[in-house]
Amino acid sequence: MSYDPQNVFARILRGELPCVRVYEDAATLAFLDIMPQTEGHTLVLPKEPAATLLDLSPEAAAATIQTTQKVARAVQVAVGAEGLLISQFNGAAAGQTVPHVHFHILPRWEGTRLKAHAREKADPDQLELLAERIIAAL
Ligand code: AMP
């Protein structure tokens, strides 16, 4: 898939759009999903421009999964998740809506259902408070 440098995550990475950041290093960025499917829904992406996992260099793929593991641990502590669903979509046919590769970290609890994908915006103040708890757990 060719890379669209105007996609929303590319614009966040360039600082043109805001995000509720929880972690950043030289190769990766993690921030809260603005339309969370569950409390603590967090996105992890490489800074390398790549539309899908298949387009990503091995080095960036390694960095992204390492950040996903690190941030997932903090998210689990911050929200007291019983389980964590890690998901990643490649191509519109697979459900990908933003064409910059990213991993979803979705805290799960027995008996609770996920909200619909990319449907309902969260309260920005609540997201900021949640980000503080995740950062404190990193
Ligand atoms: P996907 O369908 O895997 O491409 O997921 C894209 C995700 O990005 C969805 O869960 C959206 O809610 C989320 N999203 C879209 N725009 C933003 C944004 N500006 N900041 C944070 N999350 C976003």
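Hydrogens, waters and symmetry mates play no part in the numbers below; they use all other heavy atoms, side chains included. Just so you know, ligand 1 is whichever comes first in the structure, and atom 1 is the first atom listed for that ligand. The structure displayed is predicted, hence computed values, not measured ones.
Of all atoms in ligand 1, listed by their number and element, those nearer than 4.0 Å to a heavy atom of H102 are 1 (P), 3 (O), 4 (O), 5 (O), 6 (C).
Not one N or O on the side chain of T112 forms a donor-acceptor pair closer than 3.5 Å with the backbone of E110. Judged by distance alone, with hydrogens and angles left aside, the side-chain atoms of T38 form a donor-acceptor pair with the main-chain N or O of P107 at under 3.5 Å. Here the side chain of E82 pairs no donor or acceptor atom with the backbone of W109 at under 3.5 angstrom. Within the 3.5 Å criterion, the main-chain N or O of L84 finds no donor-acceptor partner in the side chain of R108. Under a 3.5 Å cut-off, the side chain of Q69 and the backbone N or O of T64 do not form any donor-acceptor pair. In this structure, E24 contributes its side chain and L29 its backbone to no donor-acceptor pair below 3.5 Å. Checking side-chain atoms of H102 against main-chain N and O of H100 turns up a donor-acceptor pair under 3.5 Å.
Ligand 1 has an N or O atom lying under 3.5 Å from an N or O atom of T97, backbone or side chain. Residue-to-ligand polar distances keep F9 apart from ligand 1: every N/O pair is separated by 3.5 Å or more. Considering backbone and side-chain atoms alike, Q96 places every N or O at 3.5 Å or more from each N or O of ligand 1. The N/O atoms of V98, backbone and side chain alike, include one that comes under 3.5 Å of an N/O atom in ligand 1.
Under a 4.0 Å heavy-atom criterion, L32 is in contact with ligand 1. In this structure, G95 is part of the shell of residues with a heavy atom less than 4.0 angstrom from ligand 1. At least one heavy atom of H104 lies less than 4.0 angstrom from ligand 1.
Residue contacts with ligand 1, taken as heavy atom pairs separated by less than 4.0 Å, involve I34 via backbone and side-chain atoms alike. Residue contacts with ligand 1 for Q37 are absent, since no atom lies close enough (heavy atoms, distance under 4.0 Å). Contacts of L43 with ligand 1, taken as heavy-atom pairs under 4.0 Å, involve the side chain alone. Contacts with ligand 1 closer than 4.0 Å are made by no heavy atom of Q88, backbone or side chain.
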